[in-house]
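Here the structure is laid out as structure tokens; the discussion comes afterwards.
Owing to the predicted nature of the structure, the values given are computational and were not obtained by experimental measurement. In what follows, chains carry the letters A, B, and so on, assigned in the order in which the sequence lines appear, proteins first and then strands, with residues in each chain numbered from 1.
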Amino acid sequence: MTEEKIVERKPIKATKEMGRIMTAYYFQLNDAARTHSQKIAWCTSVGPAEILRSLGFLVYFPENHGAMLGASRMATDTIPEANAIGYSPDICSYLTADVGAYLKGVTPLSKAYKGIESVPKPDVLVYNTNQCRDVQDWFAWYAREFKAPLVGIETHRGVGDVSDAHVESIAKQMEAIVSPLEEVAGRKFDLEELKRVLALSRECSELWKQVLDTASHTPSPLTFYDGAIHMGPAVVLRGTQQAVDYYRLLLAELNERIANNVAAVEGERHRLYWEGMPIWGRLSAHAKMFAALSTCVLASTYCNSWIFTAFDPDDPFTSMARAYTELFIVRSDESKERYIKQMIDFFKADGVIYHDAKTCPNNSNCRYGMPQRMERLTGLPSLILHGDLNDLRLISDEQTRTNVEAFVEQLEENKT
Amino acid sequence: MAAEKLYAGTDVGSSWTKVVLLNPAKSLVGYCLKKSGTDFSATARRCLEASLEMADARSEDIACSFSTGYGRKNVDYADDTRTEIGCHAKGCFHYFPSAMTIIDIGGQDNKIVKLDGSGQRTSFKMNRKCAAGTGAFLEEMATRLDLSLDEMDRLARQSTEMVKLGSFCTVFSATEVLENIRQGRKVADIVKGVYFSMIRRVLEMDSLTETVVMTGGVVAHNPYMVTMTEELVGRKIMVPEHPQLTGAIGAALYAMNSTGLGMNED
Ligand code: SF4
């Protein structure tokens, strides 16, 4: 019988420290929710978290919770609860998993952090539609449920070149949410504090970029699967010193790997770029599958989406508006193509995997001929995997495996 | 008794298991097909034994053996595995050595594989999760029409006024079939409609470039589907001699290549 090889990618030592700061973050939120010692704002992952922090809010990110539901594979059980109250199985499975978990009274936080029984109740919910409309509907549901105020920023979509007009209109919306937020926070907005937070966010973003850029080295010291896990602090703690300190630590470890030529995937033979959402419930299974094929999925648009190079503490509103509009997901296909091409070149990828996530058309970039255009542009082969970020009912493991093995076979044969 | 070395290819598909034996000249000297059933290893072994008997050979004569297909990892006598995508490509290129688009219609999935002039794979696509356009779809429709699978090809050829089935979904298509039965449409016209719907599902997966080759069990048992596809796309379609065995033949060729034999000849 042909034995299945089980290969683990090289573990990252800093993971322990990340666990510590993430634990502290969730307990801080939990305590604040219980004792009302600090106000809590819910925010979308690429929303204006900096404004919220500057006003003294603790910030909670439902998308992070959605990803935890996916990674813990609880999502497939919670999604039907939301379907049953009218939220279609075809819409964002972060939304349906998260709302379903709330309706069911369960959370992966209780498993990960003993003593936490529920998500922290919001005093205000703040969304940014730069990624999709689903977040608005998602937050609106909770706003009704908790009778909490809902504010948001409605962003342009399909943006080609980001113009001053785009930026100005978003900056104005950002300024406009300050006053309702002040009311909830019970304190006055302080520009100096925003500048301080933004400087920390910027530093976090720069360090996170350096972390991800290490994957351009051959062999890569990092995989996309590590990135998807280690981006936690860049999402939920950007704007804090802890995130900055953490990425310094992680970067040092990865640079050490580079200095010693240590590969994340031993015997790296193929380097792939991942385009689209992670498949959270199969993260570790897929990491093993690729490692066994001596293939490093080393970089992704997804992990790079928490890099905000435009942040400028001297011009906070305009620069935040620019950074949150320059994001890949907000852009036109032409801009996306330019971006992916640059990434493929920079990371020296041999091919691209597109994840067509059934419930996230917003971040499935293979539905309008992009893979075909990119193949023509780069001469590199690509593979489309049909799946989902959270809903495992939409995944065929066998088909995924055959597709991936056949793709690696193709790369291998074309190499020799 | 065969004195020459043999190369075995085993394709454990979702519906059928196929084993072939090739001699060093790449001629097919033995083969066998059986329903895959629930014990893939045992079925594969039985097929191997029958193939050896046909070739008048013993298992010691097998120099190397590769497996492929859905149950490729269950073949305990295989030295290595390759995916069915790779094996169909290799098998087809053996018969038609040129740049091509391969359409394989299997029991549970369809594939479109493209090769360049040197036989290198340039791309491939498998159907999505749904059964539409696969052998499973055909089986479901045969049940609805109370027909055996063998009767369908003959009936489809008799159709004078094909019915149109519009749905992507197997269950919805079954409802459409029922609707047509209720309206008193001829069974032959419904069967042709079923074929047409399958072809459409497959053709929408990718564009057809260069030589077009069709393979797979569905094609082997329903050759009229090839004629219909030719009419639809307006070009000649090549079909290898044993369309259901192409994957197994590809696996045997991989086995042969792994011993250093037959390389660069395909
Ligand atoms: S971008 Fe996709 S995954 Fe993220 S919230 Fe929107 S629909 Fe959900």
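Classification of A/Lys104 and A/Asp77 as a salt-bridged pair fails, no side-chain N sitting under 4.0 Å from a carboxylate O. Salt bridge annotation for A/Asp226-A/Lys10: absent, with no cationic side-chain nitrogen under 4.0 angstrom from a carboxylate oxygen. Between A/Glu405 and B/Lys73 there is a salt bridge, since at least one side-chain N of the basic residue sits less than 4.0 Å from a carboxylate O of the acidic one.
Only the side chain of B/Tyr254 comes within contact range of chain A, with at least one heavy atom under 4.5 Å from a heavy atom of that chain. Residue B/Lys125 touches chain A through its side chain alone, counting heavy-atom pairs closer than 4.5 Å. Proximity to chain B involves both the backbone and the side chain of A/Glu413, based on heavy atoms less than 4.5 angstrom apart.
Looking at A/Thr359 and A/Ser93, their side chains do bring a donor and an acceptor atom within 3.5 Å of each other.
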